[in-house]
Each structure stands twice: as structure tokens, then as C-alpha cells.
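One structure coming up, written as C-alpha cells, with questions to follow.
First the proteins, then the strands, lettered A, B, ... as listed; each starts at 1. Values reported hereafter were calculated over all heavy atoms of this structure, with side chains retained and with hydrogens, waters and symmetry mates removed. Predicted model only: the values in this text are computed from it and were never measured.
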Amino acid sequence: MAKKNKVEEITPINEDFSRWYTDVILKTELVDYAPVKGFMVIRAYGYALWENIQKRFDNEFKKTGHKNVYFPLLIPESYLNKEKEHVEGFAPEVAWVTQGGDTQLAERLCIRPTSETIICSMYAKWLSSYRDLPYLFNQWCNVVRWEKTTRPFLRTSEFLWQEGHTLHETFEEAQKETMRMIGIYRDVCEKYLAIPVVSGQKSEKEKFAGAHATYTIEALMHDGQALQSGTSHNLSDHFAKAFEMKFLGRDNTEQYAFSTSWGVSTRLIGGIIMVHGDDNGLKLPPYIAPTQAVIIPIAQHKEGVLDKAYELYDSLKEQFRMEIDASDMNSPGWKFNQYEMKGVPVRIELGPKDIEKGQCVLVRRDNGEKIYVDLDEVSIQLENLMDSIQQSMYDNALADRESKTSVAKDMDEFKKNLAENPGFIKAMWCGSEDCEDKIKEDTGATLRCVPFAQEDLGSDRCVCCGQKAEKMAYFARAY
RNA sequence: CGGGAUGUGGCUCAGCUUGGUAGAGCGCUUGGUUCGGGACCAAGAGGCCGGAGGUUCAAAUCCUCUCAUUCCGACCA
């Protein structure tokens, strides 16, 4: 358990948020930069976090009948070209393989930016009857999108994600699936990542290339910028028609299937960092933290301290993701700071004075509260603490989001809000792309979504053009 | 992809203007003393200065190209 961490200062979060973010991800050893621009190495601590996130989502996918599969990394160019909107959307950021060994390929191959095309082409091959449906498959993989500006987790040229791809007999069924999955995304984010999200529909302009409709969950970061955190697409029969996904229906006629796709990525890690983090570094939700509690022995050279510490560790390690830092080279104070920086939800201090009293000290990362607990009650107290920290992190994130959410009835108010209190702006929208464009041009804010939960803002006029508007939308600057 | 900044032991940086054989602090190793919020003493190890080319007797330093990071815009999960 050698500690190699360089414990150094982190730029204060409100002084320079970007630098704070970079400092945190590097110093907590979540990631490091790879030699190729836009690529990152996910280090052990970062990957452990990703695995815990994966488990939570994967569990929900399985519960709803989805099975995991794996499709290849490389896709022939001709496949990509089959769906017009899709190829136009992705072509600018596709990476190509043109050579194998020293042989030039007859057809160049794209490194998947997403897998609709290859998956649909295989579905087309397998599908013959309505009895085969639905297809409910998911894959965990990497994708490559050649991005111009990159930031670890938030936008990298390669990232890890899951992509669900389902096939249905009817449009209605596909729509139901699309909504079900965006609901799962919302629930997992809120329950396990402690990130409150706004869920709703993307505008035509912002929807997925080739989709009939895109639904999204949007989270708000500490700096008031929004982060698109997961999307679910109803692809209708667009890909079915492009890839000949046909089956013989109940009425003995040939019909096109209806498909959906949905994904969340390692970008969520960026969200966790930027929603919960503070001046001391990371603050990880207990339900997904790689280490839920760390035991730090105090005056560990003294008779019996280490024995007692390990005894405690052994008694908890089955129930919690535990760590014990009995390294001799750093002082307890150093360790306190170290594990706070790494966002470990609970620190357990155990020293000679505690042992005398048969107790230990639990210290919460989220609010610094110290709790003195009898040694034989640690397990149950820790269990409660996990729930209470999780809940309180969610509550705080929600309160923070609400404090950064405002209503605008006209553009003056819109700009004023964005300048004075950056965050979500709720406003009426007439539905035109012109207004969407104009708002973006004038303010830098984009339409994040038309939320499922519509509200009465006391106006029925578009915030931009003043025409009659029926939809309430969320706007924000976004990552 | 445009504009700015940066790149020197593991980390943070000095040295560059005015070319002349590479510096500090932290970290690391070993030994000892410490230990309830970033301990201390002593002795050590470690760098052809992002990469390539050029100018020069001589380049971390000057010139050209290139790669990467970062910030600001345009583009996208």
C-alpha cells in the first residue's frame, strides 16, 4: 500500500474552476494524459470508480431484460454511409484505418464513433419474424471521435461507454423503451451518483444524427455550466430502412423494425467531480466510491494500536470497501488530507486514547463532522453513515442547482441572469430553430432540453421572439 | 480549426534578455527520532533542458519546423 501521491495544493475551486478540475483529476490519480492529443490514461483509482458506476447501470439494464454483447471496433465505410443524417453528423470526427501491415485496404474502415451501423447490419441479418423481437442488447466498449478541443472525462477523442441498441415491432414499443432507458439513467444518476438531473427532450437541432427523437439528462456543474450526462434515442424506422431490418409481421406482411439506442459514458466521472468536489479535492458518493472508508491508525508505533486497527479493518472489509493506511512514512495529518483529496467518504481514526475508551472516530468527508463510536457499533454506524452521506450529497447538489436556476421572460432578463448567476435558465420557447440559434449567438447558452416536467412560468411568449410559445425549456452554457 | 501562454530530475519552478560543461524547494532512497490536521535530523540517488533540423569553436539559451499541455473562441457526448 505504498503511497506515492504528491500531496500538493489544489487551485481553489472559485478562483479558477478549470485549473481546479485539472489539478484534482491529476493529483488524485484518476487519470493522466496519454502521449497522443485528446487521449487519456484512466489510472487505477479512476477505473475503480468507473467499474462501480458500470455495475450500477449494468445491474439496471439486466433487470430490464437487456443482455450484453460485443461488436467489433472497425466498421466498413460503406456501412457508415447508409444512413444519410447519421453519416453527416459523424463524418467530421471519424478516425480511419486505411492500411493493414503494409497493405493498403480496398475499403477504408472507420473506428467506431458509435455502433448503430454495424449493429443494425447484423440485426438485419438475424431478424426474420416478429417472434424474434424485441432485441434488447447492450455493449460496454470504447469509441473514438476526433475532437478538436479535449478535456479528460468531459471530451476526449476516445472514451468508454455503454451503448444499448434495441429493436422493436412497433414505433410505440420503441418509444416506450426510449423513455424507460432515460428514466433508468435519471434514477441511477440521482440515486447512486447523487447527481440531480433534468430530463427531457432535445430540440431538432440538438438531437442525435439519424434519430427521430433524443431524450437527455442534464446536470448542472459547480460553475453553472450544464453537462449532458446521458442520452436515449428513438430511431424510429430510420435505421431499419437504411439497413433493411425487416421481419414478417403478425399479419404475414413484411415490416420494418423500430430501433432505439442509448448511452452513458466516462463523462459521468467528470460530472461527479464537478458537482460534488470542493477546495480539498474530490468528494465521492459512498455508493460508488472505490474506497468507502479508510482507517488511519494514530501513533501506530505504540503497543497494540496496529493490531487493533487491523482487527477493525478485518471486521469491516466484507461489508464495506475498506482501506487501511498503516504506512510509516507519512504523518496522520498528511493522511487526513490525502484521503480527503481522494474523496473517501469516511475516515476512521483509531489511536491509543480511543483504544483505552473502546471507541474510534468517524469523520465525514462531506461536512467534516466527527463522530465518536464504540468499536462494536462501528459497522452499523458506518452503514447508516453511508446512506446519510449519500443523501446529504444529493440534497446539497440539488440545493446548489436550484440556487443556480432562474426564470427569464425576455432576453434582457436572460442575459442578466446568465451574467449574475450562471446556471440553468428556464424560459418559454416558440419551438423555432431561429430563436435557438439567436440565443446561442447572443449568450453562448444552448437549449439543453424541453423538460418532461413542464412548469407554468407565468408567460406564454417566447423568451427570444415574443411569439406565442407553448414549451418551457432549459437553457445553459454547456460542456 | 483560429488567437494567446507553456514545455528544464517524480512534482513546482529558476536559469534564456546578454550562448561558455545544469540549479533550488518539495518528493524519492537509507538510518534514526517522531505520530490526535500536511513532523525533524543526517547521509545519498536522480536531468544529455518535449522532439527534429539549423546558426556557432560552443546552444537549455538564438532561428525554423514539429509534438503535447493549457486558456479563449468556432465544432461536438
(request) Would you mind telling me which of G37(B), C35(B), A74(B) lies closest to the side-chain atoms of T149(A)? (result) A74(B)
(message) Can you work out whether R448(A) or E349(A) has the more 5'-proximal nearest nucleotide on RNA chain B?
(response) E349(A)
(message) Using the C1' atom as the point on both nucleotides, what is the distance between C75(B) and C62(B), in whole Å?
(response) 38 Å
(request) Counting heavy atoms from C-beta on, name the nucleotide in A74(B), C71(B), C35(B) closest to the side chain of T22(A). (result) C71(B)
(message) Under 4.0 Å, counting only non-hydrogen atoms across every strand here, what does F159(A) touch: a base, just sugar-phosphate, or nothing?
(response) base
(request) Name the nucleic acid region contacted by T231(A), choosing base, sugar-phosphate or nothing; use a 4.0 angstrom heavy-atom cut-off, strictly under. (result) nothing
(message) Do the side chains of K342(A) and E340(A) get close enough for a salt bridge, i.e. N-O under 4.0 angstrom?
(response) no
(message) Assess whether a salt bridge exists between E441(A) and K438(A), defined as any Lys/Arg side-chain N lying under 4.0 Å from an Asp/Glu carboxylate O.
(response) no
(request) Name the nucleic acid region contacted by K202(A), choosing base, sugar-phosphate or nothing; use a 4.0 angstrom heavy-atom cut-off, strictly under. (result) nothing
(message) Between G2(B) and C40(B), how far apart are the two P atoms, rounded to whole Å?
(response) 50 Å
(message) Tell me whether the side-chain N/O atoms of K302(A) come closer than 4.0 Å to OP1 or OP2 in G36(B).
(response) no
(request) Under 4.0 Å between any heavy atoms, over every strand shown, what does P92(A) touch: base, sugar-phosphate, or nothing? Just pick one. (result) nothing
(message) Heavy atoms only, 4.0 Å cut-off, all strands: where does G38(A) land among base, sugar-phosphate and nothing?
(response) sugar-phosphate
(request) Report which part of the nucleic acid L227(A) touches: base, sugar-phosphate, or nothing (heavy-atom distance under 4.0 Å, all strands). (result) nothing
(request) Mark yes or no for whether R365(A), through its side chain, and L282(A), through its backbone, hold a donor-acceptor pair below 3.5 Å. (result) yes
(request) For E340(A), report the nucleic acid contact type (base, sugar-phosphate, nothing); a contact means any heavy atom under 4.0 Å. (result) base
(request) Would you please confirm or rule out a distance under 4.0 Å between OP1 or OP2 of C35(B) and any side-chain N or O of S331(A)? (result) no
(message) Under 4.0 Å, heavy atoms only, any strand: does R19(A) hit a base, just the sugar-phosphate, or nothing?
(response) nothing
(request) Would you classify K353(A) as touching base, sugar-phosphate or nothing, given that sugar-phosphate means primed atoms plus P, OP1 and OP2, and contacts are heavy atoms under 4.0 Å? (result) base
(message) Students often get this wrong, so: under 4.0 angstrom with heavy atoms, is S265(A) touching a base, only sugar-phosphate, or nothing?
(response) base
(request) Could you work out the separation of C1(B) and U66(B) based on their P atoms and round it to a whole Å? (result) 11 Å
(message) Suppose you measure atom C1' in C71(B) against the same atom in G36(B); what distance do you get, rounded to whole Å?
(response) 42 Å
(request) Scan E93(A) against the nucleic acid and name what it touches under 4.0 Å (heavy atoms): base, sugar-phosphate only, or nothing. (result) sugar-phosphate
(message) Counting the atoms with a prime plus P, OP1 and OP2 as sugar-phosphate, which does T266(A) contact under 4.0 Å by heavy atoms, base, sugar-phosphate, or nothing?
(response) nothing
(request) Check every atom of C76(B), U70(B), G37(B) against the side chain of Y33(A) and return the nucleotide holding the closest atom. (result) U70(B)
(message) Between G351(A) and A209(A), which residue's closest nucleotide on RNA chain B lies nearer the 5′ terminus?
(response) G351(A)
(request) May I ask you to verify if any side-chain N or O of R151(A) is less than 4.0 angstrom from the OP1 or OP2 atom of C71(B)? (result) yes
(message) Could you check whether F159(A) and W161(A) have their ring centres less than 6.0 Å apart?
(response) yes
(request) Answer yes or no for this row: H301(A) ring on C35(B) base, centroids under 5.5 Å, planes under 30°. (result) yes
(message) Heavy atoms only, 4.0 Å cut-off, all strands: where does D16(A) land among base, sugar-phosphate and nothing?
(response) nothing
(request) From the options G37(B), C75(B), G36(B), select the nucleotide whose nearest atom is closest to the side chain of N337(A). (result) G37(B)
(request) Pick base, sugar-phosphate or nothing for Q228(A), based on heavy-atom distances below 4.0 Å to the nucleic acid. (result) sugar-phosphate
(message) Expressed as a whole number of angstroms, how long is the span from R155(A):CZ to C76(B):P?
(response) 9 Å
(request) Under the salt bridge (charged side-chain N to carboxylate O under 4.0 Å, His left out) rule, what do R56(A) and D187(A) come out as? Steps first, then yes or no, please. (result) CA-CA 10 Å; R56(A) 298 299 187 175; D187(A) 293 348; over 6 Å; no
(message) Please report the distance separating the C1' of C13(B) from the corresponding atom of G32(B), rounded so that it comes out in whole Å.
(response) 32 Å
(message) In whole Å, measure the gap between the C1' atoms of A39(B) and G20(B) for me.
(response) 43 Å
